[in-house]
Amino acid sequence: MTDAPTRPPVRQSLVTCATPDEMSAWSRAARARSERIAFVPTMGALHDGHVALLREGRRRGDRLALSIFVNPTQFGPSEDLGRYPRDLPGDLARASDAGVDVVFLPDRAAMYPPGHQTTVQVQELASGMCGAGRPGHFVGVATVVCKLFNIVQPEVAIFGEKDFQQLALIRRMVRDLNMPIEIVGLPTVREPDGLALSSRNRFLSSDDRTRAVSISRALFAARARFESGERDAARLTSDVRGALEGAVDRVEYVELRDAQDLRPLDAVDRPAVIAVAVHVGGTRLIDNVRFG
Ligand code: PAF
């Protein structure tokens with residue numbers, strides 16, 4: 001992550017835009033004033049992890065844009081699109097408190113009008129990990145993020161590292177498609193007991209919530225083993241899997257990958273990440289730790 005100068009906030013009241021045309025007009029006007037636009041794309045149900053992204057955006061841009069769009073194309077037919085949490089009044093209050101200047105709130109028809117047929121596919125980075133368990137998910141993500149970038153025209157966009165594969169894929173897309181946008185990744189924000197913040201945590205029952213703590217515990221234990229000298233990927237991942245299998249309902253994957261290009265590693269001889277996806281109750285959760 002490159003360091004950026006702290007910019008003085010340029011605040012006006014919160015503007016909302018419902019259509020790509022309105023949003024682009026807002027951005028054109030800001031750019032005409034030579035204002036640097038920082039952008040945080042989200043699906044709403046904002047939590048403190050999103051607020052950390054917004055605060056970073058506030059620091060890096062003269063203007064801060066937030067999008068809230070529950071993107072249907074990144075959900076599979078049996079996934080939780082219908083029950084994905086929505087809290088627009090709460091989101092707008094948080095956005096305003098975090099210094100957001102404009103919120104882009106398109107509906108499905110505005111983003112995918114009849115006849116829409118173009119998609120963005122990032123090949124290798126979308127295979128394996130979440131791409132294996134969620135076929136089509138990353139085509140939906142890359143397509144919507146590409147569209148949002150074209151509409152918002154930011155100089156910098158901020159994403160969380162909890163969605164580690166998503167972040168790697170977006171960095172690749174921006175490079176491959178020559179988009180003049182700096183991509184910034186921020187560390188995962190956690191509850192005091194280690195649980196990674198997620199909009200889906202609100203679905204956890206109190207028993208699920210207790211069991212979900214095993215995810216970060218297992219990952220932190222693997223990092224501690226690495227710090228004590230363990231370098232073997234199979235041993236590190238099987239420890240994590242063993243700890244998770246006793247606690248959650250299903251372990252979808254435990255993978256140790258190169259932290260840059262996400263290639264599978266046999267041994268940790270470079271910066272690496274262990275990433276997991278598990279199911280607790282009816283809720284799918286992901287998390288990761290980096291080391292090396
Ligand atoms: O990380 C998310 O919330 C979504 O995948 C994103 C990047 C907003 C695209 O819909």
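Remember, it's 1-based here, ligands and their atoms both numbered in the order they're listed.
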*Does one side chain, of Thr19 or Asp21, offer a donor that lies under 3.5 Å from an acceptor on the other?*
no
*asked:* Which heavy atom of Tyr112 sits nearest to which heavy atom of Gly140, and what is that distance?
replied: OH-O, 4.4 Å
*asked:* Under a 3.5 Å cutoff, is there a donor and acceptor pairing between the side chains of Asp208 and Ser205?
replied: yes
*Identity and distance of the protein heavy atom lying nearest atom 10 (O) of ligand 1*: Gln74 OE1, 2.6 Å
*Which atoms of ligand 1 sit under 4.0 Å from any heavy atom of Pro41?*
8 (C)
*Please list all pairs passing the ring-ring contact (aromatic ring centres under 6.0 Å, His included) test where one or both residues lie in residues 239-292, with sequence neighbours left out.*
Phe226-Phe291
*With heavy atoms under 4.0 Å as the rule, classify the contact between Thr42 and ligand 1 as side chain, backbone, both or neither.*
backbone
*asked:* Please list the nearest protein heavy atom to atom 5 (O) of ligand 1 with its residue and the distance rounded to 0.1 Å.
replied: Gln166 OE1, 2.7 Å
*Any idea which atoms of ligand 1 are less than 4.0 Å away from a heavy-atom of Val144?*
9 (C), 10 (O)
*Are the aromatic rings of Phe75 and Tyr84 close, with centres under 6.0 Å apart?*
yes
